[in-house]
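See structure below.
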Amino acid sequence: MTKSVIAIDGPAGAGKSTIAKMAAQKLGYIYIDTGAMYRAVAWRVLQEYTPPVSTEQIISVLDDINIKLSYDENKNMRVETNGTDVSAAIRTPEVTALVSQVAAVSEVRTKMVELQRAMAKCGKVLMDGRDIGTCVLPNADLKIFLTASVEERANRRARQMKEKGYDIDVEEIKKDIIARDEADMNREISPLKKADDALLLDTTEMTIEEVLAAIVKMAQD
């Protein structure tokens with residue numbers, strides 16, 4: 001029987017969002033990109049303040065922030081923050097550099113988790129992030145921990161950024177990924193870790209098609 005609620009966790013650059021979106025389409029599920037929600041908060045912070053920013057400044061944008069996820073006619077996800085389409089803006093290096101700090105703020109996580117749990121209640125939902133199986137949806141029908149080597153994650157991210165026109169150095173991306181892993185795994189609030197009942201899927205030597213097939217099989221077993 002196909003699992004009703006699926007949680008996919010994993011470190012930065014593991015390809016969670018890309019694979020989760022494809023798997024959701026294949027299964028006919030609603031895809032909820034939790035990372036995009038945190039990125040939307042980071043984007044909003046950057047509209048108000050110049051880095052480095054404080055925890056108080058991050059919290060200050062929560063009262064009037066409104067995040068909406070939707071899909072266009074081509075099934076591409078659109079992220080709106082207070083009525084502004086920020087789908088592309090939230091993927092910039094500036095937002096990427098801030099998002100771990102934003103996600104570590106307990107007030108931010110409380111607000112996002114509340115929104116995410118409400119979205120999951122409709123069923124046939126696939127959600128990805130860093131603490132979905134351990135915190136947001138601990139009773140998910142299927143939990144997957146998606147990972148890959150640091151080198152492979154850096155190469156994937158570099159290819160992705162170059163396709164968008166950014167001139168990015170792979171070694172700099174590698175350093176950023178290592179720093180984000182450290183921050184995500186050691187934060188006090190909902191640190192990144194594999195849930196005890198999650199299935200481990202190391203994609204270092206796998207193609208996107210192979211990863212997609214593996215997840216669909218897990219969902220249908």
Side-chain angles (χ1 to χ4, degrees), residues 1-39 41 69 99-150 152-153 156-157 177-206 208 210-221:
M1 180 180 291
T2 302
K3 312 299 189 294
S4 179
V5 178
I6 301 173
I8 298 180
D9 291 308
K16 298 184 301 295
S17 296
T18 300
I19 291 297
K21 179 181 176 182
M22 294 172 66
Q25 290 179 350
K26 187 81 172 178
L27 294 165
Y29 277 33
I30 296 171
Y31 167 56
I32 299 172
D33 183 352
T34 63
M37 296 172 71
Y38 286 101
R39 284 176 173 272
V41 176
L69 305 182
V99 69
S100 285
Q101 181 185 350
V102 167
V105 176
S106 61
E107 288 84 353
V108 174
R109 301 197 71 79
T110 296
K111 181 152 189 168
M112 294 302 103
V113 169
E114 180 182 327
L115 292 173
Q116 292 154 11
R117 285 176 175 166
M119 293 176 183
K121 286 183 178 179
C122 61
K124 285 198 171 183
V125 162
L126 194 157
M127 193 179 296
D128 78 296
R130 285 171 174 72
D131 65 344
I132 309 305
T134 55
C135 175
V136 181
L137 302 175
N139 297 317
D141 300 304
L142 172 63
K143 301 176 187 178
I144 299 170
F145 193 84
L146 191 73
T147 191
S149 69
V150 171
E152 179 62 21
R153 287 187 278 148
R156 290 174 184 173
R157 181 61 59 84
I177 285 176
I178 291 172
R180 289 187 66 189
D181 284 352
E182 184 74 15
D184 290 339
M185 290 188 292
N186 292 291
R187 67 191 182 202
E188 291 186 16
I189 307 298
S190 302
L192 167 68
K193 65 179 181 179
K194 176 182 172 293
D196 292 338
D197 55 347
L199 301 177
L200 178 65
L201 184 57
D202 188 325
T203 69
T204 302
E205 302 293 335
M206 298 174 72
I208 289 179
E210 288 171 337
V211 178
L212 176 61
I215 291 176
V216 170
K217 186 176 186 300
M218 291 175 184
Q220 295 176 336
D221 280 349

Could I get the full list of side-chain hydrogen bond (donor to acceptor under 3.5 Å, both in side chains) partners for [X], not counting sequence neighbours?
| X | result |
| --- | --- |
| S106 | none |
| E152 | R156 |
| E182 | N186 |

Which residue pairs pass the side chain to side chain donor-acceptor pair (under 3.5 Å) test with at least one member in residues 134-147, sequence neighbours excluded?
K143-D197

For K124 and I30, run side-chain contact (heavy atoms from CB on, under 4.5 Å): C-alpha distance rounded to whole Å, both residues' side-chain angles, the deciding distance at 0.1 Å, then the answer.
CA-CA 6 Å; K124 285 198 171 183; I30 296 171; 6.0 Å; no

Tell me, please, which residues at least two apart from [X] pass salt bridge (charged side-chain N to carboxylate O under 4.0 Å, His left out).
| X | value |
| --- | --- |
| R157 | none |
| R180 | none |
| D184 | R130, R187 |
| K121 | none |

Check V41, V102, T34 against M112 for a side chain to side chain contact (heavy atoms under 4.5 Å, CB included) and give me the one that passes.
V41

Output all residues satisfying side-chain contact (heavy atoms from CB on, under 4.5 Å) with V211, sequence neighbours left out; order by chain, then residue number.
I19, L146, L201, T203, M206, I215

Can you name the side-chain contact (heavy atoms from CB on, under 4.5 Å) partners of E107, sequence neighbours left out?
I59, L62, V105

Between S190 and D131 (side chain of the first, backbone of the second, donor and acceptor by atom type, cut-off under 3.5 Å), is there such a pair?
no

Step through the shown structure and confirm whether more than 12 heavy atoms of other residues, nucleotides or ligands are within 6.0 Å of NZ on K193.
no

Of all pairs that satisfy salt bridge (Lys or Arg N to Asp or Glu O under 4.0 Å), the ones with a partner from residues 5-34, not counting sequence neighbours
D33-R91

